[in-house]
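Remarks on the structure that follows.
Below, all heavy atoms of this structure are taken into account, side chains as well, without hydrogens, waters or symmetry copies. Here is the naming used below: chain letters follow the sequence lines, and residue numbers restart at 1 for every chain.
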Amino acid sequence: MIPDRIRHLVEEALRAAVKAGDLPEVPVPDVPVERPKHAQHGDFATPVALSLARPMRRAPRQIAEAIVRHLPPNAVIERADVAGPGFVNFHLSPVWVARQVDNVLAKGAHYADVNLGHGRHAQVEFVSANPTGPLTVGHGRNAVIGDTLANVLEATGWNVTREYYYNDAGRQMRILGESVKLRLLEVLGHPVEFPKEYYQGEYIVDIARAILERYGPEAAEEEWPFFKEIAQEMIFADIKATLERLGIRHDVLTNEASFYEDGSIWRVVEALKAKGYAYEEDGAVWFRATAFGADKDRVLVRSTGEPTYRLPDIAYHVQKLERGFELIVDVLGADHVAEMPDVINAVRALGYEADRIRPIFYQFVTLVRHGQAVKMSTRRANFVTLDEVIDEVGGDAVRFFMVSRSHDAQMEFDLELAKAQSDENPVYYVQYAHARTAGILERMAPERGVIFDPEADVTLLTHPAEKALIGEILRLSEVLSQCSHRLEPHHLTFYARDLARAFHIFYRDCPVLTAETAELTAARMKLVKAAQIALARTLALLGMKAPKQM
RNA sequence: GCCCCCGUAGCUCAGCGGAAGAGCAAGGCCCUCCUAAGGCCUAGGCCGUAGGUUCGAAUCCUACCGGGGGCACCA
């Protein structure tokens with residue numbers, strides 16, 4: 001990455017300045033390198049002289065000037081100057097920048113990879129909806145954040161496992177089975193009183209009908225487990241199909257029941273007790289959450305002998321750590337904010353490196369339709385499914401919008417607005433840029449004298465629009481690094497727009513096929529190819545299609 | 001009552017210690033020219049309020065005000 005190269009040059013300059021006696025010797029801090037907001041401030045800048053002013057007891061501008069003076073000779077920076085209170089602004093060498101186009105072409109689709117993970121194993125657990133109904137819009141945000149994050153981690157050198165955690169036992173599943181049975185009786189014409197707390201969705205009736213078709217009216221003799229099994233199977237198939245429409249597939253499915261079956265939940269209880277972090281009181285087993293600053297202790301096992309949901313969660317996270325993941329990302333709805341500290345504290349109490357667990361909480365999606373908020377509860381009938389939203393706005397738009405806001409900001413997904421604004425959709429803006437690259441490259445035709453020449457001289461690319469486009473193409477690795485570091489995939493959508501804009505401006509200002517000279521055409525062909533690689537990569541990371549024509 | 005998230009342009013939101021931004025909406029321009037699903041220009045801001053920390057705060061701390069969500073031997 002360019003900022004890293006500049007950082008190293010500045011660090012060298014500081015060392016050289018100290019050695020030459022121009023600056024006093026002090027511990028060298030991290031050198032921040034940032035992109036200035038204004039073009040006149042150069043391509044990159046560092047404020048390091050400002051923060052060194054106090055320890056060095058020198059005026060910031062004086063330090064900045066020493067840095068500039070001792071900057072080692074290099075091909076990257078053409079000019080560095082001191083500005084304002086003591087910023088050092090760097091102007092990149094246009095020749096060096098242009099040459100990066102060849103570099104992008106040589107590396108191809110992986111040109112922006114950054115090796116932050118060094119092949120370490122990371123797990124992203126996401127969606128994790130229990131098979132009690134179709135995925136909702138809220139699950140959609142979860143799914144898209146999780147999968148995009150997984151893509152980003154892969155691009156930054158992590159070996160990623162995508163995982164789905166579910167519970168197919170327990171009270172909710174029994175209610176599911178009984179709901180289906182009641183609906184089946186209803187379809188058969190029996191008078192039925194359908195309890196309020198049962199699953200109200202129309203899909204329950206669909207499942208009942210399907211069972212009738214497959215097994216006949218005799219199915220009515222069966223008990224709830226029979227219906228639960230079939231319903232679960234059908235709902236899971238449905239969930240997987242919905243995710244598939246968004247291009248999402250999990251590598252591993254983990255069932256909560258497995259932690260009961262292999263006894264690991266009881267080993268967790270025993271281990272916590274042995275370390276003094278669990279105790280029995282009023283017939284229940286408690287976790288000493290107060291030892292970690294919580295306001296009260298939490299129940300792990302009820303007085304009935306039945307564990308709370310916390311216990312298998314703890315066992316699951318212990319298992320994740322034992323499987324060797326060095327980064328464990330849980331994509332969770334904001335309603336889980338309160339419970340995660342207990343899990344992490346319990347895992348820490350057991351002596352594991354709990355810091356490897358990094359939950360990310362996304363705020364709720366409010367779906368608005370016809371100006372009215374639609375509540376998303378799986379148990380009520382009036383929810384809108386993720387499938388319906390995909391039907392309306394398309395999978396690419398769902399992927400883009402769901403990850404286009406910071407995960408800790410609430411988002412409003414207005415279907416009417418999304419449809420009304422479809423022409424102004426940023427999804428098309430970005431995809432159209434890609435289609436335009438394809439449009440130009442498809443016109444390569446030796447008989448018309450337009451070919452892709454690997455020997456073309458990219459240093460001819462000196463137009464401001466060309467320079468800006470190359471700059472955006474090269475920025476992807478910085479964006480990836482930021483997304484990966486902070487586990488914030490939304491930066492990618494902003495980048496996608498910036499990259500597309502740079503291309504659209506280039507497209508208008510710099511004709512490729514009808515450039516002034518054949519040499520310039522050849523050079524621009526290379527740039528178009530590089531832009532296509534960048535756009536395709538960005539769209540792929542976002543899980544979107546990169547159409548060749550629109 | 002306690003905890004978490006959010007208050008930045010009319011709207012939707014980026015930026016989260018270093019030199020106030022984008023998209024949409026509004027007004028005006030640009031196709032004999034590689035797809036106008038595009039580009040250009042204009043206008044629009046005490047960055048919720050008040051203190052504090054800092055050479056420097058939209059960004060960190062405290063309090064308050066608004067909006068949302070969570071606080072069970074429910075999952």
- [ ] Based on the glycosidic angle (syn within 90° of 0, else anti), state the conformation of B:rC33.
- [x] anti
Open item on the list: Among B:rC13, B:rG18, B:rA75, which nucleotide has an atom closest to any side-chain atom of A:F494?
Closed with: B:rC13
TODO: Kindly assign one of parallel, tilted or perpendicular to the pair A:F236 and A:Y164, based on the angle between their ring planes and the thresholds 30° and 60°.
DONE: tilted
TODO: Determine the contact category for A:P36: base if any of its heavy atoms lies under 4.0 Å from a base atom, sugar-phosphate if only primed atoms, P, OP1 or OP2 are that close, otherwise nothing.
DONE: nothing
- [ ] Sticking with atom C1', work out how far B:rA20 lies from B:rU62, rounded to a whole angstrom.
- [x] 25 Å
- [ ] Report, as yes or no, whether the 6.0 Å neighbourhood of atom CD on A:Q549 holds more than 12 heavy atoms from other residues, nucleotides or ligands.
- [x] no
Open item on the list: At 4.0 Å (heavy atoms only), tell me whether A:S303 reaches a base, stays on the sugar-phosphate, or touches nothing.
Closed with: base
Task: Distance test, side-chain N/O of A:R443 to OP1/OP2 of B:rU35, below 4.0 Å - done: yes
Open item on the list: Using OP1 and OP2 only, check whether a side-chain N or O of A:R302 sits under 4.0 Å from B:rC74.
Closed with: yes
Open item on the list: Would you say A:R298 places a side-chain N or O within less than 4.0 Å of OP1 or OP2 belonging to B:rA72?
Closed with: no
Task: Atom pair distance, as rounded to whole Å: CD1 in A:I175 and P in B:rC74 - done: 13 Å
Open item on the list: If I take atom OH in residue A:Y429 and atom C1' in nucleotide B:rA22, what distance separates them, rounded to the nearest angstrom?
Closed with: 11 Å
- [ ] If the plane angle is over 60° it's perpendicular, under 30° parallel, otherwise tilted; pick one for A:F503 and A:F506.
- [x] tilted
TODO: Using a 4.0 Å heavy-atom cut-off across all strands, classify A:N167 as base, sugar-phosphate, or nothing.
DONE: sugar-phosphate
TODO: With heavy atoms under 4.0 Å as the rule, sort A:N89 into base, sugar-phosphate or nothing.
DONE: base
Open item on the list: Distance check, P atoms only: B:rG7 and B:rA43, in whole angstrom units.
Closed with: 27 Å
Open item on the list: Both distances below 3.5 Å, Watson-Crick or wobble geometry, any strand: find the nucleotide opposite B:rU53.
Closed with: none
Open item on the list: Would you say NE2 of A:H91 has more than 12 non-hydrogen atoms from neighbouring residues, nucleotides or ligands within 6.0 angstrom?
Closed with: yes
Task: B:rG15 OP1/OP2 closer than 4.0 Å to side-chain N/O of A:H490 - done: yes
Task: B:rA25 versus B:rC13 - spacing of their C1' atoms, nearest Å - done: 14 Å
Open item on the list: OP1 or OP2 of B:rC13 versus the side-chain N and O atoms of A:R405: is any pair under 4.0 Å?
Closed with: yes
TODO: Give A:F361 one of three labels, base, sugar-phosphate or nothing, depending on what nucleic acid heavy atoms sit under 4.0 Å from its own.
DONE: nothing
TODO: Could you tell me whether A:A45 contacts a base, only the sugar-phosphate backbone, or nothing, with contacts defined as non-hydrogen atoms closer than 4.0 Å?
DONE: base
Task: Spacing of the C1' atoms in B:rC60 and B:rG17 (rounded, Å) - done: 7 Å
Task: Inter-nucleotide C1' distance (B:rU8, B:rA57), Å rounded - done: 14 Å
- [ ] Answer with base, sugar-phosphate or nothing: what part of the nucleic acid does A:S406 contact at a heavy-atom distance below 4.0 Å?
- [x] sugar-phosphate
Open item on the list: Taking any heavy-atom pair under 4.0 Å as a contact, classify A:E34: base, sugar-phosphate, or nothing.
Closed with: sugar-phosphate
Open item on the list: Please report the distance, rounded to the nearest Å, between CD1 in A:I505 and P in B:rA37.
Closed with: 17 Å
Task: Spacing of A:Y507 atom OH relative to B:rA37 atom P, expressed in whole Å - done: 10 Å
TODO: Rounded to whole angstrom, note down the C1' distance from B:rA36 over to B:rC29.
DONE: 14 Å
Open item on the list: Any base atoms under 4.0 Å from A:A53, or only sugar-phosphate, or nothing? Heavy atoms, all strands.
Closed with: nothing
Task: Pair of N/O donor and acceptor under 3.5 Å linking B:rA14 base with A:D498 side chain - done: no
- [ ] Within residues 304-319 of chain A, find the residues that approach RNA chain B with a heavy atom at under 4.0 Å, and present them sorted by residue number.
- [x] A:Y309
Open item on the list: Would you say that more than 12 heavy atoms from the other residues, nucleotides or ligands in this model lie under 6.0 Å from the OH of A:Y165, or not?
Closed with: yes
Open item on the list: On the nucleotide B:rG15, are OP1 or OP2 found under 4.0 Å from the side-chain N or O atoms that A:R35 carries?
Closed with: no
Open item on the list: Using a 4.0 Å heavy-atom cut-off, does A:H504 contact any base of the nucleic acid, only the sugar-phosphate backbone, or nothing at all?
Closed with: sugar-phosphate
